[in-house]
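Sending over a structure as structure tokens; questions will come in a sec.
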Amino acid sequence: MTVARITEISSISKTSFEDAIIQGVDRANQTLKNVKGAWVKDQEVTIDNGKVVGYKVILKVTFVLN
């Protein structure tokens, strides 16, 4: 039997949503073992002086417990 856990993380990039996702998954892999998937729960942008300066994603990361 396999048991998995889901944890929520946020990641911010100055470049794009895709980059924020990649950075979030890379960081999750450094801390969590057996990461099997992730999905984007939410996205938002940070705006400064009328310009987009950051792309934020909230990820739900699934990993299998030992």
Side-chain angles (χ1 to χ4, degrees):
M1 178 175 81
T2 301
V3 177
R5 181 177 175 115
I6 299 169
T7 190
E8 190 172 284
I9 64 171
S10 65
S11 179
I12 300 172
S13 169
K14 293 180 181 180
T15 309
S16 67
F17 287 118
E18 182 178 3
D19 186 54
I21 293 166
I22 291 168
Q23 287 185 42
V25 171
D26 285 347
R27 182 62 179 91
N29 274 306
Q30 292 175 19
T31 304
L32 305 171
K33 295 180 181 178
N34 302 318
V35 174
K36 298 298 180 186
W39 69 92
V40 178
K41 177 182 173 186
D42 199 10
Q43 296 179 325
E44 62 184 71
V45 294
T46 304
I47 299 172
D48 188 24
N49 291 324
K51 295 184 180 182
V52 175
V53 295
Y55 300 86
K56 179 179 178 181
V57 294
I58 306 296
L59 297 172
K60 294 271 193 165
V61 179
T62 304
F63 59 101
V64 175
L65 300 175
N66 291 330

- Query: Rounded to the nearest 0.5 Å, how far does NZ of Lys14 lie from CG of Asp19?
  - Reply: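 Here the rounded value is 11.5 Å.
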
- Message: Just verifying a value: how many Å separate Ser10 OG and Lys41 NZ, rounded to the nearest 0.5 Å?
- Response: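 That separation rounds to 11.0 Å.
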
- Item | Considering all heavy atoms, the nearest Gln43-Phe17 contact |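 Between these two residues, the closest heavy atoms are CB-CE2, 3.6 Å.
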
- Task: List the atom of Tyr55, the atom of Ala20, and the distance in Å for their closest heavy-atom pair.
- Result: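 In this case the closest contact between Tyr55 and Ala20 is O-CB, 3.6 Å.
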
- With rounding to the nearest 0.5 Å, note down the distance linking CD1 in Ile9 to CG in Leu32.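 Going from the CD1 atom of Ile9 to the CG atom of Leu32 covers 7.5 Å.
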
- Item | From Ser11 atom OG to Asp26 atom CG, the distance as rounded to the nearest 0.5 Å |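 If I round to the nearest 0.5 Å, the distance is 9.0 Å.
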
- State plainly whether one hydrophobic cluster holds both Val53 and Ile21, where clusters connect Ile, Leu, Val, Met, Phe, Trp and Tyr through side-chain heavy atoms under 4.5 angstrom apart.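 As far as the 4.5 Å side-chain criterion goes, Ile21 and Val53 are not connected within one cluster.
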
- Message: Using side-chain contact (heavy atoms from CB on, under 4.5 Å), reason through Leu59 and Val40 one step at a time and then give a plain yes or no.
- Response: CA-CA 5 Å; Leu59 297 172; Val40 178; 3.8 Å; yes

- Query: Under a 4.5 Å cut-off applied to non-hydrogen side-chain atoms, are Val61 and Val25 in contact?
  - Reply: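 Heavy-atom side-chain distance check fails, nothing below 4.5 Å.
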
- Is any side-chain heavy atom of Ile47 less than 4.5 Å from a side-chain heavy atom of Val45?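 Yes; the side chains approach each other to less than 4.5 Å.
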
- Task: State yes or no: do Val35 and Val57 share one hydrophobic cluster built from I, L, V, M, F, W and Y residues joined by side-chain heavy-atom distances below 4.5 Å, directly or via other members?
- Result: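 Shared cluster, yes.
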
- Exercise: identify the closest heavy-atom pair between Ile12 and Gln23: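 In terms of heavy atoms, the two residues are closest at O-OE1, 3.8 Å.
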
- Message: Going by the rule side-chain contact (heavy atoms from CB on, under 4.5 Å), which residues pair with Ile6 if we only count those two or more places apart in sequence or in a different chain?
- Response: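 side-chain contact (heavy atoms from CB on, under 4.5 Å) check on Ile6 returns Trp39, Lys60, Thr62.
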
- Item | Approximate separation, where rounding is to 0.5 Å, of Lys33 NZ and Leu65 CG |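 Output value for this atom pair is 11.5 Å.
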
